[in-house]
Amino acid sequence: MADRGLMLVLSSPSGAGKTTICRELLQRNTTLKASISATTRPPRPGEVDGKDYFFLSPEKFQEHIDTKALLEYASVFKHNYGTPRQPVDDALNAGYDMLFDIDWQGAQQIKLIARKEMLSIFVLPPSLEELHRRLVGRGQDSQETITYRMSKALEEIGHWADYDYVIINRDLDRSIADVEAILRAEKLRRNRQDGLTDFVRGLRAEIDSHQG
Ligand code: 5GP
């Protein structure tokens with residue numbers, strides 16, 4: 001059986017470029033799967049149910065909470081967001097690494113239940129001006145939403161120190177390479193490599209047989 005995968009949590013204020021980083025990471029890494037969240041937020045133009053999110057009614061979302069079908073959940077920007085538990089478990093058991101594009105509240109909850117399997121990265125924008133520019137440039141949200149998100153961005157940034165790694169997203173390719181380097185290094189950690197003891201025992205036996 002393949003080694004159980006890792007949970008890679010990426011958080012950032014809205015507009016720091018996290019969604020683009022996630023999309024590119026998924027395209028380049030076939031052993032990485034995205035966790036598709038459930039949300040009560042209405043779809044934005046172009047968003048597809050079951051691909052970008054599972055768009056649920058508040059009642060259905062509550063049902064998922066009640067049946068413990070969510071690994072974590074939180075209220076973000078006046079809507080509910082949560083991670084369906086089963087797909088995550090299935091993918092990790094099959095040896096895939098799981099990518100979570102979730103906020104600090106979700107990161108905290110996953111840390112409590114799966115610290116050893118999780119690594120977390122916080123993505124910072126290069127500047128507040130750049131953040132604002134990206135939020136406006138997206139062109140999908142009203143001015144009121146943008147203003148609200150700017151204030152929430154400052155709140156989200158306040159949680160940067162709770163993360164294992166921090167990336168300042170000055171250059172997309174560089175940021176992606178940084179996430180890949182972090183993931184690769186974390187997978188090489190001694191305590192994450194199953195079967196290492198047996199492997200070394202095998203090496204020893206080989207040495208012994210050569211000497212004997
Ligand atoms: P958006 O509405 O722009 O897609 O996402 C808003 C925020 O909700 C983002 O910061 C995103 O990371 C966060 N988010 C998305 N899915 C989840 C989830 O399942 N759990 C939590 N805790 N946050 C989420």
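In each ligand, atom 1 is the first atom listed, and ligand 1 is the first ligand listed.
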Checklist entry - When you look for heavy atoms under 4.0 Å from ligand 1, do you find them on the side chain of Phe100, its backbone, both, or neither? => result neither
Item to check | Parallel, tilted or perpendicular: ring planes of Phe61 versus Tyr73, cut at 30 and 60 degrees | outcome: perpendicular
Item to check | NZ or CZ of Lys78 within 45° of Tyr148 ring axis and under 6.0 Å | outcome: yes
Checklist entry - In terms of atom number and element, which parts of ligand 1 are under 4.0 angstrom from non-hydrogen atoms of Lys18? => result 9 (C), 10 (O), 11 (C), 12 (O)
Item to check | Test item, Arg149 contacting ligand 1 (heavy atom, 4.0 angstrom) | outcome: yes
Next on the checklist: Holding to side-chain contact (heavy atoms from CB on, under 4.5 Å), I want the full list of residues that pass it with Asp164, two or more places apart in sequence or in another chain.
Outcome noted: Arg115, Leu119, Ser120
Checklist entry - Looking only at heavy atoms, is any part of Arg44 under 4.0 Å from ligand 1, and if so is it the side chain, the backbone, or both, or is it neither? => result side chain
Checklist entry - Which part of Glu156 is near ligand 1, with near meaning a heavy atom under 4.0 Å away: side chain, backbone, both or neither? => result neither
Item to check | Which segment of Val76 sits under 4.0 Å of ligand 1 when only heavy atoms are counted | outcome: side chain
Checklist outcome for this item: Atoms of ligand 1 under 4.0 Å from any heavy atom of Arg41, numbered from 1 in the order shown, are 1 (P), 2 (O), 4 (O)
Checklist entry - By number and element, which atoms of ligand 1 are closer than 4.0 Å to a non-hydrogen atom of Ala74? => result 22 (N)
Checklist entry - How far apart are the C-alpha atoms of Lys33 and Asp97, what are their side-chain angles, what is the distance that settles it, and do they pass the salt bridge (charged side-chain N to carboxylate O under 4.0 Å, His left out) test? => result CA-CA 6 Å; Lys33 275 195 178 190; Asp97 298 313; over 6 Å; no
Item to check | Pairs touching residues 195-212 that satisfy salt bridge (Lys or Arg N to Asp or Glu O under 4.0 Å), sequence neighbours left out | outcome: Asp198-Arg201
